[in-house]
> 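Here you go, one structure.
Naming convention: chains lettered A, B, ... in sequence-line order (proteins, then strands); numbering from 1 in each chain.
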Number of protein chains: 2
Amino acid sequence: MLHSFLLIGQSNAAGRGLLEEAKPLDTRERRLRVLRNGRWQEMFRPVNPDRVFSGTCLAESFAREYSVAHPDVQVGIIPCADGGTKIEQWLPGEVLFDNAVNQARLAMRTSTLKGILWHQGEGDCLPEYIELYFDRFRTVMDTLRAELGMPELPVIVGGLGDFLVGYDKKPTIGIYYPEINAVLRRIGEEYPHCAFVSAEGLTANPDNLHFSADALEKFGVRYYKAYEPFYRDDATEPTATQGELSELELL
Amino acid sequence: MLHSFLLIGQSNAAGRGLLEEAKPLDTRERRLRVLRNGRWQEMFRPVNPDRVFSGTCLAESFAREYSVAHPDVQVGIIPCADGGTKIEQWLPGEVLFDNAVNQARLAMRTSTLKGILWHQGEGDCLPEYIELYFDRFRTVMDTLRAELGMPELPVIVGGLGDFLVGYDKKPTIGIYYPEINAVLRRIGEEYPHCAFVSAEGLTANPDNLHFSADALEKFGVRYYKAYEPFYRDDATEPTATQGELSELELL
């Protein structure tokens, strides 16, 4: 049995934790998985290979925590996050949205989709975007849940890091990120089957834009704690299991 | 304008060229691209990240040669190859087939699909598979072309390496690979809009299973030479262009 989670958002969802700073990935005796070409592989880094500099991500420790709490299942991540993207690029009909639906549907053939992990907002740090953010988020998630036939699929959203105040390449991010955080917090309170996870106290890479490997390790644990109350044992079973990989498939 | 190619097959399509043996990737001033999440990024390794040990692939030098011959376009690879897979895992309705269709369709929104690069067969080195191979290949490619609305889409297929005779982990591969090569060669002669590329003289990694980085560099050039006669200037234009990536999307 495999429980899966869709990972979407921008670079801090994809993960830019520096590989040389990260602890080795513990795949819990191959129980942690990642989707590749619609099939489950033993999890490996980078989990979400959207860019050449993709690194560790919060889904790693999230999946580990989930696997500790659910020792009888495999846990698989469906990596669809894409760096630097605004929420308008995630609206239904956009390529990122459609890719996420495609990937989740392929994953659902051999797993039970249990939730969505969302981290995004740095790209929307301007007043005209901030006022539209909640509505856009609702449109994205309502439609995603509808397309996947899971109207109560839990969504966990994470806050932006306070280190952004020191991000000098695009000063509007440092100015407006607290307003996005306020919207994200409100989403966690008001949007159904959703929770907000604070990024308080988490550190950044030297770029002051991306969570560090250490921060992502902690953030994934927070995501799991926020997810836990939503866990239900009544999800639809997949139509098939993937089966064991052949010897050749491991080469 | 972006011309794209779908890369499918098993591990020698995905590419296992050792990164430490490979020359740096020349992306021709960012004209070589790779699809990630349905969007075009500057090409980076591994182009086809199906496994943790994925390496260089033949599509790199193929795309470079194409870009030399067509200096006015970008060239994008749609990486959907999956290591160790048999051709029956590529039949219509299978997850690998459906993933390839999904990815190609997303790519076609912002590119003109110009061909399919196929390398596969090591997984089918048994008499009962060999006799079905041509028919299965026909079913895969006929259906793929139909699903993509391009009945004359060129398909280039490459032969298996003679080093397989020394692959001792699964001796049936060393025994039967010449028979698969005979079928692949016949496919190149008899299947419409298709050509066969010999792997003669190409070297392997120490595993005697995978083409070396040097071999893949040469193999991609051979693939391009085999593709060249199929080039037509009459392909359908995509409905949109992706547009430039924002500063944040490059981080």
> For chain A, which candidate among B/Ala100, B/Cys80, B/Gly123 shows the most heavy-atom pairs at distances under 4.5 Å?
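The residue among B/Ala100, B/Cys80, B/Gly123 with the greatest pair count is B/Cys80.
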> Chain B heavy atoms under 4.5 Å from A/Ala14: which part of the residue, side chain, backbone, both or neither?
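For A/Ala14, there is no contact with chain B at all, as no heavy atom is under 4.5 Å.
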> Heavy-atom pairs under 4.5 Å with chain A - which of B/Ile173, B/Val34, B/Leu96 has more of them than the others?
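Of B/Ile173, B/Val34, B/Leu96, B/Leu96 has the most heavy-atom pairs under 4.5 Å with chain A.
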> Below 4.5 Å from any heavy atom of chain B, which atoms of A/Pro79 appear? Answer side chain, backbone, both or neither.
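Backbone only.
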> Between B/Ala81 and chain A, with a heavy-atom cut-off of 4.5 Å, which part of the residue counts as in contact: side chain, backbone, both or neither?
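The answer is the backbone of B/Ala81.
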> Present all donor-acceptor pairs from chain B to chain A with distances below 3.5 Å, rounded to 0.1 Å.
from	atom 1	to	atom 2	distance (Å)
B/Arg36	NE	A/Pro49	O	2.7
B/Asn37	OD1	A/Asn99	ND2	3.4
B/Asn37	ND2	A/Ala81	O	2.9
B/Asn37	ND2	A/Asp82	OD1	2.7
B/Arg39	NH1	A/Asp82	OD2	2.5
B/Gln41	OE1	A/Arg51	NE	3.3
B/Pro49	O	A/Arg36	NE	2.7
B/Arg51	NE	A/Gln41	OE1	3.3
B/Arg51	NE	A/Glu249	O	2.9
B/Arg51	NH2	A/Glu249	O	3.2
B/Ala81	O	A/Asn37	ND2	2.9
B/Asp82	OD1	A/Asn37	ND2	2.7
B/Asp82	OD2	A/Arg39	NH1	2.5
B/Gln89	NE2	A/Glu249	OE2	3.0
B/Gly93	O	A/Arg109	NH1	3.1
B/Asp98	OD2	A/Arg109	NH1	3.2
B/Asp98	OD2	A/Arg109	NH2	2.5
B/Asn99	OD1	A/Gln103	NE2	3.3
B/Asn99	ND2	A/Asn37	OD1	3.4
B/Gln103	NE2	A/Asn99	OD1	3.3
B/Arg109	NH1	A/Gly93	O	3.1
B/Arg109	NH1	A/Asp98	OD2	3.2
B/Arg109	NH2	A/Asp98	OD2	2.6
B/Glu249	O	A/Arg51	NE	2.9
B/Glu249	O	A/Arg51	NH2	3.2
B/Glu249	OE2	A/Gln89	NE2	3.0

